[in-house]
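Working notes, beginning with the structure itself.
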Number of protein chains: 2
Amino acid sequence: MAKTEAADPLSRVFSALSDPIRRDMVSRLAGADATVNELAEPYRVSVQAVSKHLKVLEGAGLVSRSRDAQRRPVHLEADVFDLMTKWIERYRRQAEDRYRRLDDLLESMSDDVEQTHPTSHPATGAQT
Amino acid sequence: MAKTEAADPLSRVFSALSDPIRRDMVSRLAGADATVNELAEPYRVSVQAVSKHLKVLEGAGLVSRSRDAQRRPVHLEADVFDLMTKWIERYRRQAEDRYRRLDDLLESMSDDVEQTHPTSHPATGAQT
DNA sequence: TCTGTTGTCAACCATTTGGTTGAGAACAGG
DNA sequence: CCTGTTCTCAACCAAATGGTTGACAACAGA
């Protein structure tokens, strides 16, 4: 289930980067654009397999392809990283805030005995 | 292919977050710890399915579970986010540097005609 | 025009994934 | 001790994933 074509952008990006080969291709493309054959060379898989991987990366918006005769130079689109970074940062910050709040609570409990309702925050909100 | 158990940590984290339900659970756990039933409540899937999702998140190190009688409170482990963030930042920065270098090149080409071997960088290096 | 290079598409296959149901373990509270 | 709640495990299923091979389109160069 979860058809790749229908999946939301964030899912596609995370999914695309969940494969080591694809991650390695991204890391190499960060250095320089490359053709499919160049990309395929280090791996022990067929060019066709690499072509498929590229289709996944392209579907996630991580990569774009131009034309140069029979070549299809592959180019890294760094912008999409922001999607992930924003998602990650949001929840990391949220989690850290929570730890801070917990620290504060523990702190206040040690030098103050005045806590009437210790855990009354509904908090959360949870929109993906 | 690509057995989840054998996969590298980064692959497991990205893979874990490639599912919308799992991402939503993470976002809710950032607000507060929760039991399996509490986590399952908003979704139209069985508790067993959620249990499986949690196993994936746990396998990725994103989540830990303690005991409280028959409850298994789930707790978000924010540290693992750093793994991803570092990976992402590395290649985003690299890509941005490259654009800057390209800008510099284009700049120098417009007011200087002295380029002897335009594309001599072996560059890349590619370690995931 | 013929040949080699580069890349995609299609069909196929094994494994993984995400879901289901059914059974049962572990515990709390009558 | 019985009952209900919480949760996991096992078996099963359909669809997605990642790989293969074979065919072929598109182009460069001889």
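The sequence lines fix the lettering, A, B, ..., with proteins before strands; numbering per chain opens at 1.
Of all heavy-atom pairs spanning A/Ala60 and A/Val80, the tightest one is O-CG1, 3.6 Å. Across all non-hydrogen atoms, the minimal contact from B/Leu83 to B/Pro9 is CD1-CB, 4.0 Å. In this structure, B/Glu38 and B/Asp33 approach most closely via the heavy-atom pair OE1-O, 4.4 Å. Nearest heavy-atom pair across A/Met84 and B/Ile88 is CE-CD1, 3.7 Å. Minimum interatomic distance between B/Leu39 and B/Val74 (heavy atoms only, all atoms of both residues): CD1-CG2, 4.0 Å.
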Under the criterion side chain to side chain donor-acceptor pair (under 3.5 Å), I'd like the reasoning laid out for A/Ser11 against B/Arg23: C-alpha separation, chi angles, the key distance, then a yes or no. CA-CA 9 Å; A/Ser11 294; B/Arg23 246 174 8 249; 3.0 Å; yes
Applying the Watson-Crick and G-U criteria (both distances under 3.5 angstrom) with [ ] for crossing and | for other-strand pairs, one obtains for DNA chain D ||||||||||||||||||||||||||||||
For nucleotides 22-26 of chain C, which of its nitrogen or oxygen atoms have a protein nitrogen or oxygen under 3.5 Å away, and what is each distance?
residue, atom, partner, partner atom, Å
C/dG22, O6, B/Gln48, NE2, 2.9

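A donor-acceptor pair is defined here as one N or O able to donate and one able to accept, closer than 3.5 Å; such a pair exists between the side chain of A/Arg22 and the backbone of A/Ser15. Between the side chain of A/Arg65 and the main chain of A/His75, no donor-acceptor pair closer than 3.5 Å is present. No donor-acceptor pair closer than 3.5 Å links the side chain of B/Arg92 to the backbone N or O of A/Phe81. Using modelled atom types, no side-chain atom of B/Arg72 and backbone atom of B/Thr35 make a donor-acceptor pair closer than 3.5 Å.
Contact between the side-chain N/O atoms of B/Arg71 and the OP1/OP2 oxygens of C/dA28 is not found at any separation under 4.0 Å. Taking side-chain N and O atoms only, A/His53 has a distance below 4.0 Å to OP1 or OP2 of D/dG19. Proximity of A/Ser46 to the phosphate of D/dT20: a side-chain N or O atom is located under 4.0 Å from OP1 or OP2.
We find that CG of A/Leu57 is positioned 16 Å from C1' of C/dT8, with the value rounded to whole Å. Here the C1' atom of nucleotide D/dG18 and the CG atom of A/Asp24 are 16 Å apart, to the nearest Å. One atom, CG of B/Asp68, and another, C1' of D/dC7, lie 13 Å apart when rounded to the nearest Å. To the nearest angstrom, P of D/dA15 lies 18 Å from CG of B/Asp19. We find that CZ of A/Phe14 is positioned 20 Å from C1' of D/dA16, with the value rounded to whole Å. Between the CD1 atom of A/Ile21 and the P atom of D/dT17 there is a distance of 16 Å, rounded to whole Å. Between A/Leu54 atom CG and D/dG19 atom C1' the separation is 15 Å, expressed in whole Å.
Residues A/Lys52 and A/Pro73 both approach DNA chain C. Their nearest nucleotides, taken by heavy-atom distance, put A/Pro73 toward the 5′ side.
Rounding to the nearest 0.5 Å gives a distance of 11.5 Å between CG of A/Leu10 and NZ of A/Lys86.
Of the residues in residues 35-45 of chain A, those lying under 4.0 Å from DNA chain D by heavy-atom distance are A/Arg44, A/Val45.
Comparing D/dT20, D/dT8, C/dG19 by their closest approach to the side chain of B/Arg65 singles out D/dT8.
In this structure, A/Phe14 and B/Phe14 have tilted ring planes: the angle between them lies in the 30° to 60° band.
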